[in-house]
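Please read these numbers as outputs of a predicted model, since none were measured by experiment. Labels below follow one simple rule: chain letters A, B, ... track the order of the sequence lines, proteins then strands, and each chain is numbered from 1.
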Protein chains: 2
Amino acid sequence: MTVGQNIHSSPIPVLCHSCEARHSGVCGALDPDQLVRFAETTTRHKIEPGGALIGDAEPVYSYSNLLSGVVKLTKTLSDGRQQIVGLQFSPDFLGRPFKLESAINAEAATSVTLCSFPRAAVERMMKESPELEHRLFKQTLNELDDARELMVTLGRKTAPEKVASFLLMIGRNMHSGVDSAERPTCFDLPLTRAEISDFLGLTNETVSRQLTRLRVDGVIRIENKRHVTVDSMSRLEQRCGGRVAPL
Amino acid sequence: MTVGQNIHSSPIPVLCHSCEARHSGVCGALDPDQLVRFAETTTRHKIEPGGALIGDAEPVYSYSNLLSGVVKLTKTLSDGRQQIVGLQFSPDFLGRPFKLESAINAEAATSVTLCSFPRAAVERMMKESPELEHRLFKQTLNELDDARELMVTLGRKTAPEKVASFLLMIGRNMHSGVDSAERPTCFDLPLTRAEISDFLGLTNETVSRQLTRLRVDGVIRIENKRHVTVDSMSRLEQRCGGRVAPL
DNA sequence: GTGCTGGCTTGACCGAAATCAGGGCTTCGG
DNA sequence: CCGAAGCCCTGATTTCGGTCAAGCCAGCAC
């Protein structure tokens, strides 16, 4: 379902009007004319949980904006051990620029909607618009910051701290509404217990045990296995291990 | 010791002539004229092991090219637990663009020589030269790949696999000479046992034990605690845990 | 020389998390 | 209806790596 109905009188493509990527995502780098040309090449997809987006060691033919849902980036050892090395939320840009092969797998963790572009279109637009490359650069720097934060969690935190840190991270990315340390925050976990364990370097049993512990201690409530309410984010924070960057 | 002796007849600043960053580093993005103006702002430093380059939560006033030595990037929890989140080798660019505060510490692991520029000079030059930003972007993407590789090691590998993976990584970054799976490779470890443990999410005792085990098994030889010889890189690889990206 | 410090190694012991096992609940398809 | 498959929870047991402790050695100050 190709988009791009090249209407000359419309300065911005119809489908881009309500698109989050148009504002906070990478498409915000493009002027109306560029956006029209770019939108001619895009396609929209919906992918169900578990669907593969990018296979490890496969050539990459397209890039995408993530419009809704959560994507998990994974790496797998040959004996099956798996590590989730990143989570992406809308309006993130998906794909590794400047490399023909991906070194990681990308998979839909929840239902996901994408706006995809052919590889060549992104590369052409990037040459044309330094601002586009600039936005991708900034996103990459943020991903690097996140990756390094996760490294501390993986290498130096205990199981209880890991699970608390995960909930805090998800809460901050998924919650809708005001952000307050003392207001109740609730959200749906985008991952199963097994996936959380692959994110934190634990087993699903340990994740389950730590979640029940947080529940019986009154830090969180859980409904239907997935819906989490955090009454006090600050109590959750206390369980994350001393914050990085004291002072 | 400011450099930049603005000699009009010299198309390339004297000190840049023999500089690795001029070729494979970020300065390769600049034309001679830009390089002359840029070099006027640079200073060279030598820093001894343990010297701090960037403090966590401190404002960043300068960026640098790493000319020689190894820099470790660390994050610390408030109770003192530490994680090394990256190692940098020449001719890497040091510093986090677009943020006034660093979220990590950078410290000299070995003796280090730097070519430093004021923050403003880098930002000005980046606006002027998209190619400079492009190179920084590419380095950042490589750092992200490295970070994600390390995440697999931290989250899913055993202690013996972690230590083997570390030696393999260092061997590939520090060795001089031909790269062959069967030729002996030797190098000096740039980190102490305690630092290696902070890199791998282990204790110094465990690192020591695993190194001993690799030694008695004949995979490596160690002289003076620091100098390592790997007779067969392929035997070392076998101990790293199944490779990521089978096929 | 002596003593001190810091890095490294090794051993004994312990504990946090993995492993193994069982059972409950929901969903889905016959 | 039944049964199978997934996901989740919990208990019992094991084990890997952490903790504690001791000792060696090289470098350095005095």
Side-chain angles (χ1 to χ4, degrees), chain A residues 48-50 72 77 79-83 107 109-111 153-167 188-217 220-228 239 241, chain B residues 48-50 72 77 79-83 107 109-111 153-167 188-217 220-228 239 241:
Chain A
E48 293 309 312
K72 56 174 183 167
L77 299 178
D79 62 2
R81 283 175 287 175
Q82 195 171 69
Q83 177 67 45
E107 188 181 316
T110 65
S111 282
T153 302
L154 287 170
R156 288 305 184 197
K157 289 192 183 178
T158 65
E161 289 167 347
K162 284 180 177 182
V163 174
S165 303
F166 172 75
L167 290 177
D188 283 320
L189 292 176
L191 304 182
T192 67
R193 305 293 187 266
E195 288 171 326
I196 297 172
S197 70
D198 283 342
F199 186 77
L200 296 173
L202 298 170
T203 60
N204 54 4
E205 293 96 328
T206 299
V207 170
S208 184
R209 277 187 253 269
Q210 297 308 326
L211 285 174
T212 50
R213 198 174 150 191
L214 287 170
R215 186 166 44 74
V216 303
D217 289 357
I220 59 173
R221 279 174 287 156
I222 305 181
E223 294 156 47
N224 296 325
K225 314 288 184 195
R226 288 292 192 115
H227 191 74
V228 174
R239 297 193 175 225
Chain B
E48 293 310 313
K72 56 174 183 166
L77 299 177
D79 62 2
R81 283 176 287 176
Q82 195 171 68
Q83 177 67 44
E107 189 180 314
T110 65
S111 283
T153 301
L154 287 170
R156 287 305 183 197
K157 290 191 183 177
T158 65
E161 289 167 347
K162 284 180 177 182
V163 173
S165 303
F166 172 75
L167 290 177
D188 282 321
L189 291 175
L191 304 182
T192 67
R193 304 293 187 266
E195 287 171 326
I196 297 172
S197 70
D198 282 343
F199 186 77
L200 296 173
L202 298 170
T203 60
N204 54 5
E205 293 95 328
T206 298
V207 171
S208 184
R209 276 186 255 268
Q210 298 308 328
L211 286 174
T212 307
R213 202 175 145 191
L214 287 170
R215 186 165 45 72
V216 304
D217 289 356
I220 59 172
R221 281 174 286 156
I222 305 181
E223 293 155 49
N224 296 325
K225 314 289 183 193
R226 287 293 192 115
H227 191 73
V228 174
R239 297 195 173 223

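B:Leu211 comes within 4.0 angstrom of no nucleic acid atom, judged by non-hydrogen atoms across all strands. At the heavy-atom level, A:Gly50 lies nowhere under 4.0 Å from the strands shown.
Side-chain atoms of A:Thr206 lie closest to C:dA17 of the nucleotides D:dT10, C:dA17, C:dC8. Among C:dC8, D:dG18, C:dA17, the nucleotide with an atom closest to any side-chain atom of A:Ala159 is C:dA17. Nearest nucleotide to the B:Thr158 side chain, out of D:dC8, C:dT9, D:dG17: D:dG17. Among the nucleotides C:dT10, C:dC8, D:dC7, the one closest to any side-chain atom of B:Thr212 is C:dT10. Here C:dA18 is the nucleotide among C:dT10, C:dC8, C:dA18 with the atom lying nearest to any side-chain atom of A:Thr203. Nearest nucleotide to the side chain of A:Leu202, out of D:dC8, C:dA18, C:dT10: C:dA18.
Between the CG atom of B:Leu211 and the CG atom of B:Leu167 there is a distance of 6.0 Å, given to the nearest 0.5 Å.
We find that CD of B:Glu205 is positioned 16 Å from P of C:dC13, with the value rounded to whole Å. Rounding to whole angstrom units, CZ of residue B:Arg81 and P of C:dA16 are separated by 13 Å. Rounded to whole Å, atom C1' of C:dT9 lies 9 Å from atom CZ of B:Arg209.
An OP1 or OP2 oxygen of C:dC8 is reached within less than 4.0 angstrom by a side-chain nitrogen or oxygen of B:Arg193.
At a threshold of 4.0 Å, the pair B:Asp198-B:Lys72 does not count as salt-bridged, since none of the basic side-chain nitrogens sits closer than that to a carboxylate oxygen.
Comparing the start and finish of the helix from C:dG1-D:dC30 to C:dG30-D:dC1, five pairs each, the helix axis swings through 30°, to the nearest 10 degrees.
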